[in-house]
Amino acid sequence: MSQHPPEPVPPEADLFQAAPCGYVVVDNTGTIIRANAEFLRLVGEPAGDIVGVRTLPSLVSAGGRILMETHLRPLLERDGVVREIALDLVRLDGVRIPILLNARVHDPATGVYLVVVLETRDRHRYEDHLLAAKQAAEMAGEQAASLAATLQGTLIPPHPPAIPYLDIHALYRPAGSGREVGGDFYDVLQVGPDAWLVVLGDVSGKGIPAAVVTSFIRHTVRSLAIAHPDPSDLLGALDEAVRAHGTDHFCTLVAVRLERLRGRWDLALALAGHPPALVRRPDGTTYELGVPGTPVGLMTQPEFCTVRQALDDLAVTLYTDGVTEARSPDGMFGDERLVELVGRLPHRPTAITEGIAEAALAWQSHHASDDIAIITFAAS
Amino acid sequence: MPGVGMADALNVAMSGRTDRPALLFVHGFGCGQAMWRHVAPAFEADHRVVLLDLPGSADADPSTYDPVRHASLQGYADDVLRVLDELALDDVTVVGHSVSSMIGVLAHIAAPAVVTRLVLVSPSARYLDDGDYRGGFGPADIDDLLEMMNRNHLGWQTPLSGMVAGAGHDEARLELDDTFCRTHPEIAAQFAAVTFRSDNRADLEQVDAPTLVLQVRDDAIAPMSAGQFVSEHVAGARLVVLETRGHAPHLSDPLDVVAAIGEFLSVPAPT
């Protein structure tokens, strides 16, 4: 072993000075009492302007200073250590240097603590992008929810118009929280001096794309209605328009033309893959009306069939499958339960429509998994 | 919260003598009632000592935070008074740190018979500079604070997108993680904004109670100018300057804080 000359500085101090990270010793007032070369390089100041002069909080940005005083010092004082704190050092010329900081209490009696800082400029840029992306995603989510709500507002079918000699009551209840745009709709419009069209339907899918198709279908029905007095012709023309539209969504619907002739209402009804109308006699017995047909926008060879009958003293209910497919732990609400329910309800459109909606919602504990649309009408 | 009182919901802890006047310690922005652990016990011998966590902070029940009520410091002051009312305490000395010194001021103004003395530790009636007034910060600094908080969700290492995590996820964390300095990020951001953008300078003139202002000589958050302003605008306020640095003298120099409060309390209140 050769004799080493005595070293002017203890090796530990060498290691402190040469540490490949910013390294400072801080007293319990926050004052920096030692700083290594890398730290002085990071802040760009000579040791004489830092050591014994500046506090560590005074070298970070104002927000970081508040965070240090209100969070890091208390945590450090209690736990003896804090890790991975992302702050910005601010140099005299205003340049900000993103850092990660770890600190550990060295001597609990005096409160002296050790701090290392690592420059994270590149990593920080990456994290900034991530954070910006996250905020953009959250903002987009909020905007989408708000757009959905606005759109929903325009899609919620209006109250049906007052029709002489007809008692009609419609209801629309969106699924779940009501924030998602649904695909159920109805419309009631005048198509002649004494003739009215009632349509009720359900566009497949959910969200904005389905809402766009819903809107398209409602407007198309309105524009085709007068030229196609026969409901199956109307559905045929609508089917053609929807397929020409090129959407992947399809739609089931029921179209009813009501015409008042010589003091009585006649109805003509066609289905496009939709549940049949439920017709209630005054004695509470019911029957289904309609020939199934094919959903609109789905088949290359669609089939629709119009059935006709007098309205007389019947109450006719049109509904979407949000009613019969309402789910509970006991299973689906189902056709039988609907028939049994309607038999018990008063023979009035308002009572029938509201009664069905109430029962279907109660069946799924008032959290509708799907939209519900219901229209009932009877002669008045 | 039906069935649970505000005192329980705000994690109120009481100690000391029930037959003596009450001292209510209110922590500031950041960490909860444990901030007072080096100071509060010193008063148990001759006071009833009451501690709480502010709504949204530390171990306060999350339901106590109301973004509307807590959009101003008055909402916090009202909550403090509800706690004192539930505990049937009056003639209370409120010891408030930082923003809670102003919460104490507002509580006193609203109920002068309940809050009868004030100890304002590192107070600031306004953190932002305004004309000749030196609060120490500019508007951009508050944005910087919100940015730094966003980078450091201490104890709330939530997934990249909050949209992925269900409510149950956060609830599970609540039991695992330490709550001392933890606040839900959104609540912390709102509390920070309410705190650092508040202006209570005009309220100071309405204080009519013995008041002690404890000011640290070199405080990076509430500079001398802020403490001086408070002591000059509260009639009869006593200013004690602690010859140290930092914004939490109750942690860094608890003995000095205890001594100053003890001396203040030993002076009989004017009748």
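The sequence lines fix the lettering, A, B, ..., with proteins before strands; numbering per chain opens at 1.
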### Task
Hey, could you give me the CG/CZ distance between A:Leu67 and B:Arg151, rounded to the nearest 0.5 Å?
10.5 Å
### Summary
Separation between CG (B:Asp219) and CD (A:Glu69), nearest 0.5 Å, reads 6.5 Å
### Query
Counting only heavy atoms not in A:Arg104, do more than 12 sit closer than 6.0 Å to its CZ atom?
no
#### Entry: Nearest heavy atoms of B:Met148 and A:Leu87, plus distance in Å
SD-CA, 4.0 Å
### Task
Answer yes or no: is there a side-chain heavy-atom contact under 4.5 Å between A:Gln135 and B:Asn150?
yes
### Members of residues 55-63 of chain A whose heavy atoms come closer than 4.5 Å to chain B
A:Thr55, A:Ser61, A:Ala62, A:Gly63
### Message
Nearest 0.5 Å, please: how far is CD1 in B:Ile221 from CD1 in A:Ile66?
### Response
5.5 Å
### N-O pairing of A:Arg65 and B:Asp144 below 4.0 Å
no
### Query
Would you say B:Arg197 has more than 12 foreign heavy atoms packed within less than 6.0 Å of its CZ?
yes
### Message
For B:Phe196, which atoms come within 4.5 Å of any heavy atom of chain A: side chain, backbone, both, or neither?
### Response
side chain
### Task
Please determine if B:Arg37 and A:Glu77 form a salt bridge, counting it only when a charged side-chain N lies under 4.0 Å from a carboxylate O.
yes
### Message
Can you list the residues of residues 23-31 of chain B that sit under 4.5 Å from chain A, counting heavy atoms only?
### Response
B:Phe29, B:Gly30, B:Cys31
### Query
Nearest 0.5 Å, what's the OG-CG distance between B:Ser252 and A:Asn28?
6.5 Å
### Task
First locate atom NE2 of B:His38, then atom CZ of A:Arg78, and finally report the distance between them rounded to the nearest 0.5 Å.
10.5 Å
### Task
Determine the minimum heavy-atom distance between B:Arg245 and A:Thr29, stating which atoms define it.
CB-O, 3.2 Å
### Message
Using heavy-atom distances under 4.5 Å, tell me whether A:Asp88 contacts chain B through its side chain, its backbone, both, or neither.
### Response
both
### Task
Mark yes when over 12 heavy atoms from residues, nucleotides or ligands other than A:Asp93 sit less than 6.0 Å from its CG; otherwise mark no.
yes
